[in-house]
> 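Pasting a structure below so you can have a look.
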There are 2 protein chains.
Amino acid sequence: MNEKGKIPESQIAACSLIFLFKYLRGMLSKKTKYGIKALAFIASREDKKPVQTSEIAKSENISLKFLESILLSLRKSGFLGSKKGKGGGYYLIQEPENIKMTSVVRVLEGPIAMVPCVSLNYYEKCSDCPDEATCSVHALMIQVRDSTLNVLGGNTLYDLARVKKKA
Amino acid sequence: MNEKGKIPESQIAACSLIFLFKYLRGMLSKKTKYGIKALAFIASREDKKPVQTSEIAKSENISLKFLESILLSLRKSGFLGSKKGKGGGYYLIQEPENIKMTSVVRVLEGPIAMVPCVSLNYYEKCSDCPDEATCSVHALMIQVRDSTLNVLGGNTLYDLARVKKKA
DNA sequence: TTAAAACCCTATCGGTTTAGTAGGTTATAA
DNA sequence: TTATAACCTACTAAACCGATAGGGTTTTAA
């Protein structure tokens with residue numbers, strides 16, 4: 001059919017840019033799940049010394065390499081600091097009680113809203129929907145978003161760390 | 001740049017498709033979104049006569065064939081009845097005020113919970129998590145689930161139809 | 001009876017995201 | 001200098017989604 005013609009570099013680059021957009025489904029991704037667990041693990045520590053990735057991975061049953069990439073992105077987002085070399089690891093930059101779960105979820109998972117047209121931080125108009133004011137899905141999802149934001153905003157890393165230490 | 005020759009038609013088509021995905025991301029599936037819209041459309045009708053798939057598809061900008069499969073599954077789930085032949089279509093079996101959005105979402109989307117270990121109807125133990133009582137993610141997602149259930153359970157098809165008719 | 005309208009079913013496809021794996025590089029403390 | 005641990009890049013198998021295609025079957029009006 002298409003005689004094996006190569007795709008021009010420019011075309012590949014253009015398409016690759018578009019790949020950046022995320023496509024998310026209803027379930028919480030492992031990335032977010034592990035990220036929250038790791039943060040809670042670090043926050044539940046009495047001392048403030050750096051925690052090694054390997055220790056978290058072992059304790060929380062997370063693939064080491066996968067966890068590495070998650071902690072890295074948490075560091076780049078400003079939640080964690082890191083220290084290289086022996087005795088290094090990751091540590092919290094802010095106090096646990098000041099870290100709301102809304103911001104954690106937004107960084108790890110992306111939009112909290114279930115449809116882009118009700119997203120506060122990632123808003124996008126639906127292509128198929130002519131009028132949001134009379135859209136049934138829009139009206140419903142606004143409510144879902146607000147109640148979720150309420151829960152996530154009402155929980156901090158301090159709260160989650162307490163659950164962990166309850167044991 | 002493009003001295004390699006022409007870009008195959010198929011590649012252009014592929015890239016165009018990818019571009020479309022930018023506008024499609026979101027956690028709620030199209031199936032659920034369209035399904036809710038279709039139900040609201042039918043519920044907002046004054047008369048109780050069957051509504052044709054083609055009419056809904058046109059009015060709500062939904063692919064006809066895709067909508068067909070959605071309405072079919074809604075019929076099989078007991079939300080809709082159908083009438084074949086000329087003047088046929090789909091109609092609600094129950095009164096709109098008796099149809100909670102929780103049941104609609106469960107049928108179309110599946111579990112409402114964001115992790116299986118907090119799902120009421122689709123519970124599954126996490127393989128990696130030894131103890132739910134001290135799991136930070138579990139504790140958080142229980143709250144998210146309950147608030148979402150609260151919203152979805154508090155809305156019926158009657159409520160959504162009212163939003164639609166507001167126009 | 002016949003043809004149109006409408007429902008029903010199956011199969012397939014292209015493309016994306018997830019959840020990793022593998023392997024190497026850089027910085028730091030002892 | 002050497003062991004340690006963070007950091008970086010590239011790749012992949014599997015699952016899944018939205019959509020399409022194309023054919024049926026059934027019912028009803030004329």
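Below, chains carry the letters A, B, ... as their sequence lines are ordered, and counting in each starts from 1.
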> Given atom CD1 of A/Ile42 and atom C1' of D/dA5, what is their separation to the nearest angstrom?
14 Å
> In whole Å, what is the span from the CD1 atom of A/Ile70 to the P atom of D/dC8?
16 Å
> Honestly curious: do A/Ile93 and A/Leu108 fall in one hydrophobic cluster under the side-chain, below-4.5 Å linking rule?
no
> What are the two closest heavy atoms between B/Pro130 and A/Asn61, and how far apart are they?
CD-ND2, 4.4 Å
> For atom NZ of A/Lys48, decide whether the heavy atoms of other residues, nucleotides or ligands shown that lie under 6.0 angstrom number more than 12.
no
> Expressed as a whole number of angstroms, how long is the span from B/Leu67:CG to D/dT20:P?
12 Å
> Round to a whole Å and report the spacing from CD1 of A/Ile62 to P of C/dT18.
17 Å
> Does B/Ser69 place a side-chain N or O at less than 4.0 Å from the phosphate oxygens OP1/OP2 of C/dC9?
no
> Once you round it to whole Å, what is the distance between P of D/dA6 and CD of A/Glu55?
11 Å
> Could you check whether A/Ser119 and A/Glu124, counting side-chain N and O atoms only, form a donor-acceptor pair closer than 3.5 Å?
no
> State, yes or no, whether a side-chain contact exists between A/Val51 and A/Phe41 at a heavy-atom distance under 4.5 Å.
yes
> Rounded off to whole Å, could you give me the CZ-to-P distance for the B/Phe66 and D/dA21 pair?
15 Å
> Can you see if the side chain of A/Tyr34 gets near the phosphate of C/dA19 - specifically, an N or O under 4.0 Å from OP1 or OP2?
no
> Take atom NZ of A/Lys31 and atom C1' of C/dT16, then tell me their distance rounded to the nearest Å.
15 Å
> Listing time: all N or O pairs from protein to nucleotides 6-8 of chain C that are below 3.5 Å?
| unit_1 | atom_1 | unit_2 | atom_2 | d |
| --- | --- | --- | --- | --- |
| C/dC7 | OP2 | B/Thr53 | OG1 | 3.0 |
| C/dC8 | OP1 | B/Arg75 | NH1 | 2.2 |
| C/dC8 | OP2 | B/Tyr90 | OH | 2.9 |
| C/dC8 | N4 | B/Glu68 | OE1 | 3.1 |

> Would you give me the side-chain donor-acceptor pairs under 3.5 Å for residues 148-156 of chain A, sequence neighbours excluded?
| unit_1 | atom_1 | unit_2 | atom_2 | d |
| --- | --- | --- | --- | --- |
| A/Thr148 | OG1 | A/Val144 | O | 2.9 |
| A/Asn155 | OD1 | B/Gln143 | NE2 | 3.4 |
| A/Asn155 | ND2 | A/Val151 | O | 3.0 |
| A/Asn155 | ND2 | B/Gln143 | OE1 | 3.0 |
| A/Thr156 | OG1 | A/Tyr158 | N | 3.2 |
| A/Thr156 | OG1 | A/Asp159 | OD2 | 3.2 |

> In whole angstroms, how far is the P atom of C/dT18 from the CE atom of B/Met114?
12 Å
